Number of protein chains: 2
Amino acid sequence: MDLHDFFDAIYPLTSNSRQAIERIVTEKTYKKQEVIQPIGSRCKTVYFIKNGCARIFYFKDGHDITEHFAFKKDIIVRAESLFTGKPTSKGIQAINDTNVLKIDALSLFRLYDVHHDIERLFRLIFEKEYVNTVKRIESFQFKSAKERYLDLLNTTEIVQKIPLKYIASYLGITQVSLSRIRAEVR
Amino acid sequence: MDLHDFFDAIYPLTSNSRQAIERIVTEKTYKKQEVIQPIGSRCKTVYFIKNGCARIFYFKDGHDITEHFAFKKDIIVRAESLFTGKPTSKGIQAINDTNVLKIDALSLFRLYDVHHDIERLFRLIFEKEYVNTVKRIESFQFKSAKERYLDLLNTTEIVQKIPLKYIASYLGITQVSLSRIRAEVR
DNA sequence: CTAGTTATTTATCATTTGTTAATTTTTATT
DNA sequence: AATAAAAATTAACAAATGATAAATAACTAG
């Protein structure tokens, strides 16, 4: 299970804690386009992507908007629900065929009480996610759509694997506008 | 010290842990406009605002951009530095006369090892901040500047206390554009 | 209170992005 | 390979926002 490689790179667990985690992890495969967690639900699972990719999405004025992408070896959660217990208007969907490890959130939170190192590990994991989110805000403040697109080209594998329509809304622009930007860049 | 009221509302500490925290807290007052942490520095302090308000800011193409506001009873940190140890191109500035409690970050992180409840408390505090940040991204994706401004009017005290030029960049628009929006709304 | 500074508004014009619709390209299915 | 369906591009025009400059209003220091 390469989940533990991921963990080890952040904060290695005792073998006791590893075993405790393994007992609450299950594996699952989703087909391309399949909804992993539906809009309106509560986030009760932390997903680790073994293979494939997924997105967090929601609808605004009838438009499908992608808020976040996750790839191989990424964690994906709907933070605004996981950390508040409230339902969220966002869902998670597999973009391509995707193989995930599911960590049950309630069980995980219970492990926090017993295994200090597990709480620490996940604190560090989500601090990283937090930092990524802060950087994303920067990209929206006073960067043009073109700059945001070029940043994306440089820093991620997104553009290779993901339909443009998802990328456009992720950048906060329409599909047509992204097409125009791509034409300029070429 | 109303820091503990803030803590208690999130996760009450043992009296032992409270005392440990108090030993690493100091109080300080900043004058209006005074820089609390300069651009380019590392974030080594967690600030709790007892009174007044502050902002996180940076420069982009010579423009002063406000990324974040914090008010009475808010925590303020430069997450991308605090959680990575790297310097950041952002600074913190008092907007009005501001009274803060400073928690030394290194000392705090050391307390995490000994006081499980302190680590938990700050995990929960920063999870909340993370959720706020996620919500802010939402506001940038496919909300018009006018919508973002109206949201701000409804949900915060920002507009009462803060110069428009700061609010404009916070919304991701120019001062002139914000003025125009305000004229429409009236 | 006054002069000087800073913040805000207004106006004009340029640029970017949105909207709609038609066209081409790509992908999926048989 | 042929067809249908979905995705991406292009074009034309509309709306939102940026940039610059000038005018007004609010604030600050003496």
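To find a chain, count down the sequence lines: A is the first, B the second, and so on, and within it residues start at 1. Because the structure is predicted, anything quoted here is derived from the model rather than measured.
- Among the heavy atoms of the strands lying under 4.0 Å from B:Arg180 is at least one base atom, whether or not backbone atoms are also near.
- Taking only side-chain nitrogens and oxygens, B:Lys146 never comes nearer than 4.0 Å to OP1 or OP2 of D:dT17.
- When heavy atoms are screened at a 4.0 angstrom cut-off, B:Ser179 is found touching base atoms of the nucleic acid.
- Atom P of nucleotide D:dA15 and atom CD1 of B:Ile173 are separated by 20 Å, given to the nearest angstrom.
- Across the protein-nucleic acid pair, A:Arg182 atom CZ and C:dT25 atom P stand 15 Å apart, rounded to whole Å.
- Donor-acceptor pairing under 3.5 Å is lacking for the side chains of A:Tyr11 and A:Arg123.
- Among B:Lys165, B:Arg55, B:Lys90, the single residue meeting the salt bridge (Lys or Arg N to Asp or Glu O under 4.0 Å) criterion with B:Asp64 is B:Arg55.
- For the pair B:Ser144 and D:dA16, the criterion of a side-chain N or O lying under 4.0 Å from OP1 or OP2 is not met.
- For the pair A:Leu164 CG and D:dT10 C1', the computed distance is 14 Å after rounding to whole Å.
- Both tests hold for B:Arg136 against B:Tyr170: distance to the six-membered ring centre under 6.0 Å, angle to the ring axis within 45°.
- Proximity of A:Lys165 to the phosphate of D:dA6: no side-chain N or O atom is located under 4.0 Å from OP1 or OP2.
- Atom-to-atom, CD of A:Glu147 to P of C:dT15 comes out at 17 Å; the value is rounded to the nearest Å.
- Annotation: A:Lys128, atom NZ; neighbour count of heavy atoms from other residues, nucleotides and ligands within 6.0 Å does not exceed 12.
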